[in-house]
Novice: 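Below is a structure I'd like to ask you about.
Lettering follows sequence order; numbering is per chain, from 1. Heavy-atom basis, side chains included; hydrogens, waters and symmetry copies ignored.
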There are 2 protein chains.
Amino acid sequence: MTTMPARESGKGLSRDAYADAALDFIDAHGVEPLSLRALGNQLGVHATAVYRHFDSKNEVLEAALQRMLERENVQIPETGTPREQILALLRGLRDAFRAHPHMAIPNLTLQDEQATVEFVRYALSLLEQMGLQGDDLVVAYQMLETFSVGTNAYDWGEYPEGLEGRRRGRRLVGHPAMDTASRSIETMTEINDRAFELAAEALLDAVERLGGVDRSAVGVTGSRDRG
Amino acid sequence: MTTMPARESGKGLSRDAYADAALDFIDAHGVEPLSLRALGNQLGVHATAVYRHFDSKNEVLEAALQRMLERENVQIPETGTPREQILALLRGLRDAFRAHPHMAIPNLTLQDEQATVEFVRYALSLLEQMGLQGDDLVVAYQMLETFSVGTNAYDWGEYPEGLEGRRRGRRLVGHPAMDTASRSIETMTEINDRAFELAAEALLDAVERLGGVDRSAVGVTGSRDRG
DNA sequence: ACCTGAACACCGTTCAAGT
DNA sequence: ACCTGAACACCGTTCAAGT
């Protein structure tokens, strides 16, 4: 089950062994069924052994999310225009959750503060290259973060039961366009993907406008940190 | 505690009495601390009495969400342009969750299928008035629904602990604009509100473009259901 | 019709004890 | 250093019994 080579005895486990096992379990059965007893059982270890490595169940979940981002190679690409780089990141995150829909849990933060800080700094530098500064810079960042987290939580959360429930609801509306779009989970996902693309471009348009106004109006075309 | 007049004995309770009590409890203490034992205790009734009115705890939560929307008078206004009506609805929903942040639970659907169907139909008719049809209509609807649910879940979810956690994270970034924006929960909320407004307008711009293209290209300027 | 009381099968977490 | 085993204080839910 785990990607990391498990010790044959199941003893002497590392932090990552628990995180990987949690990720595998959640992929297979969902977040809710994951109990520390079930996790211990999967690793051939007592339920409370996990406390030697983590302070709480939530920490295990945070570590599992981190493992997912690592496994799916989610990162900001280093080539392309700032806009292209941001769009690629948003798509990368979306595809990571597409592969691990049960991990789309809102309000699950990462433990690694340093990595998070570096990520945010790089994202801010891209937005600065698009001409944003001051409160506008933070507003633009917040808008994109909320969009990414929100759309992943709603599109993938409790997948596929959540989406199937919405599908059945759509069929009750009795509108021809809704009927066509809600034929299957696959057509629902297609609509979600198109909505994601449309929204991402629209938000990036708004970011560009917000950055562009300042630059043409005040004549600041990148006098600050461009490199 | 409850808005509805509670019977003095605490017995012979209605469905709404449970829903109201759940909403009050969640407003006061959050979703997680709400147990059926705590709910029964608040109503002066045994923990399992709730099962005479609801099939599961989740149904109680759905009913509490419904009571919230009723109490906060969330509805689509009937005056203004379609765009204005949609924007007013998005703001109304946001303000309802602002008043009941602990209720911002993703993937919590409503029980009342008929009301939901009517709501979606009316929303669709507004989008049709903006020139949308076919898959584009559904994509536009989906984009706005995802935005609304996602932004409420992320902005208000586990408020204020969630936002406070993000605030501390922002302060670690060490960027002057972030420092200014993350001075307090209030400044964080201000940024969130501005991000919401910017995103809502950007998405509605995209919807307008998506509807407008068809109309000018095919020459359909509202030959269908405009009234 | 509505509520009680006991019980079932679980939880996360703590802590002394083992090796 | 890492895991076990028992225990604590909870859960949601079922079901027979009360009135």
Side-chain angles (χ1 to χ4, degrees), chain A residues 1-2 4-23 25-26 28-65 102 105 107-109 111 158 161, chain B residues 2 4-23 25-26 28-65 102-103 105 107-109 111 158 161:
Chain A
M1 268 302 209
T2 61
M4 303 296 280
R7 325 279 173 97
E8 61 248 17
S9 67
K11 307 300 176 70
L13 297 164
S14 66
R15 242 181 108 87
D16 269 355
Y18 283 95
D20 272 303
L23 179 52
F25 187 97
I26 289 169
H29 308 107
V31 205
E32 224 197 83
L34 176 69
S35 68
L36 296 185
R37 283 167 174 86
L39 183 63
N41 200 54
Q42 177 162 315
L43 288 166
V45 119
H46 196 270
T48 61
V50 67
Y51 286 100
R52 209 43 59 171
H53 303 271
F54 299 88
D55 281 343
S56 68
K57 182 185 178 181
N58 197 57
E59 269 199 11
V60 180
L61 291 177
E62 288 174 357
L65 180 62
H102 292 299
I105 315 154
N107 291 305
L108 189 59
T109 50
Q111 311 153 89
E158 300 188 34
E161 300 85 12
Chain B
T2 60
M4 304 296 280
R7 326 278 173 98
E8 63 249 16
S9 67
K11 306 302 175 72
L13 298 164
S14 66
R15 241 180 108 87
D16 269 357
Y18 283 94
D20 271 303
L23 178 53
F25 187 96
I26 290 170
H29 308 108
V31 204
E32 224 197 86
L34 175 69
S35 68
L36 296 184
R37 282 168 174 84
L39 183 63
N41 200 54
Q42 178 162 315
L43 288 166
V45 120
H46 196 270
T48 61
V50 69
Y51 285 99
R52 210 39 64 170
H53 303 271
F54 299 88
D55 280 342
S56 69
K57 182 184 178 182
N58 198 56
E59 268 198 12
V60 180
L61 292 177
E62 288 174 357
L65 180 61
H102 291 300
M103 291 300 297
I105 314 155
N107 291 306
L108 190 59
T109 50
Q111 313 153 88
E158 300 187 34
E161 300 85 11

Novice: Given atom CG of A:L36 and atom C1' of D:dC11, what is their separation to the nearest angstrom?
Specialist: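 Roughly 15 Å, once rounded to whole Å.
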
Novice: The side chain of B:L13 lies closest to which of these nucleotides: D:dC11, C:dT13, C:dC3?
Specialist: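 Minimum distance to the B:L13 side chain belongs to C:dC3.
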
Novice: Could you tell me whether B:L34 contacts a base, only the sugar-phosphate backbone, or nothing, with contacts defined as non-hydrogen atoms closer than 4.0 Å?
Specialist: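 It contacts sugar-phosphate atoms only.
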
Novice: Could you tell me the separation between the CG atom of B:N41 and the P atom of D:dG12, rounded to a whole number of Å?
Specialist: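 These atoms are roughly 13 Å apart.
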
Novice: What's the CZ-P distance between A:F54 and D:dC3, to the nearest Å?
Specialist: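 Distance, rounded to whole Å: 11 Å.
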
Novice: For D:dA1, which nucleotide is its Watson-Crick or G-U wobble mate, given both distances must be under 3.5 Å?
Specialist: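 Partner of D:dA1: C:dT19.
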
Novice: Whole angstrom is fine here: how far is it from CG in B:L39 over to P in D:dC11?
Specialist: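 The distance from CG of B:L39 to P of D:dC11 comes to 12 Å, rounded to the nearest Å.
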
Novice: What distance separates A:L39 CG from A:K57 NZ, expressed to the nearest 0.5 Å?
Specialist: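 Separation between the atoms: 9.5 Å.
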
Novice: Please determine, for the side chain of B:A49, which listed nucleotide (C:dC3, C:dC11, D:dC3) has the closest atom?
Specialist: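 Among the listed nucleotides, the one closest to the side chain of B:A49 is C:dC3.
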
Novice: If I take atom OH in residue A:Y51 and atom P in nucleotide D:dA6, what distance separates them, rounded to the nearest angstrom?
Specialist: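 About 18 Å, once rounded to whole Å.
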
Novice: Identify, between A:P33 and A:H46, the residue whose nearest nucleotide on DNA chain C lies closer to the 5' end.
Specialist: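 The residue mapped nearer the 5' terminus is A:P33.
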
Novice: Do B:S56 and D:dG12 share a donor-acceptor pair, side chain to base, under 3.5 Å?
Specialist: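 For B:S56, whose side chain was compared with the base of D:dG12, there is no donor-acceptor pair (under 3.5 Å).
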
Novice: Given D:dA1, is OP1 or OP2 found less than 4.0 Å from the side-chain N or O atoms of A:H53?
Specialist: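 Looking at the OP1 and OP2 atoms of D:dA1, neither is under 4.0 Å from any side-chain N or O of A:H53.
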
Novice: Once rounded to the nearest 0.5 Å, what's the spacing between atom CD of A:E32 and atom CD1 of A:I26?
Specialist: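 If I round to the nearest 0.5 Å, the distance is 12.0 Å.
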
Novice: Picking from D:dA7, D:dG12, D:dC3, which would you name as closest to the side chain of B:K57?
Specialist: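 That would be D:dG12.
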
Novice: Taking atom C1' of C:dC11 as reference, at what distance in whole Å does atom CZ of B:R37 sit?
Specialist: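 From B:R37 CZ to C:dC11 C1': 12 Å.
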
Novice: For C:dC3 and B:Y18 - does any side-chain N or O of the residue sit under 4.0 Å from the phosphate oxygens OP1/OP2?
Specialist: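 Checking B:Y18 against C:dC3: at least one side-chain N or O falls below 4.0 Å of OP1 or OP2.
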
Novice: Counting only Watson-Crick pairs (N1-N3 plus N6-O4 or O6-N4) and G-U wobbles (N1-O2, O6-N3), all under 3.5 Å, who is the partner of D:dT13?
Specialist: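 Its partner is C:dA7.
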
Novice: So A:Y18 and A:F54, would you call those rings parallel, tilted or perpendicular, with 30° and 60° as cut-offs?
Specialist: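 Ring orientation, 0 to 90° scale: perpendicular.
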
Novice: Distance check needed: C:dT14 P versus A:R52 CZ, whole Å only.
Specialist: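 Roughly 12 Å, once rounded to whole Å.
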
Novice: Would you give the length of the straight line joining atom CD of A:Q111 to atom CG of A:D55, rounded to the nearest 0.5 angstrom?
Specialist: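 CG of A:D55 is found 10.0 Å from CD of A:Q111.
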
Novice: When only distance counts, do a donor and an acceptor, one from the side chain of B:T48 and one from the base of C:dG5, lie under 3.5 Å apart?
Specialist: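 Pair found.
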
Novice: Are the side chain of A:H53 and the backbone of A:D16 linked by a donor-acceptor contact shorter than 3.5 Å?
Specialist: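 No; judged by distance alone, with no hydrogens or angles, the pair does not exist.
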
Novice: Without decimals, in angstroms, what is the distance between A:R15 CZ and D:dA1 C1'?
Specialist: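 In whole Å, D:dA1 C1' lies 16 Å from A:R15 CZ.
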
Novice: Let's see if you can work this out: which of D:dA17, C:dG12, D:dC3 has an atom nearest to the side-chain heavy atoms of A:V45?
Specialist: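 From the listed options, D:dC3 comes nearest.
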
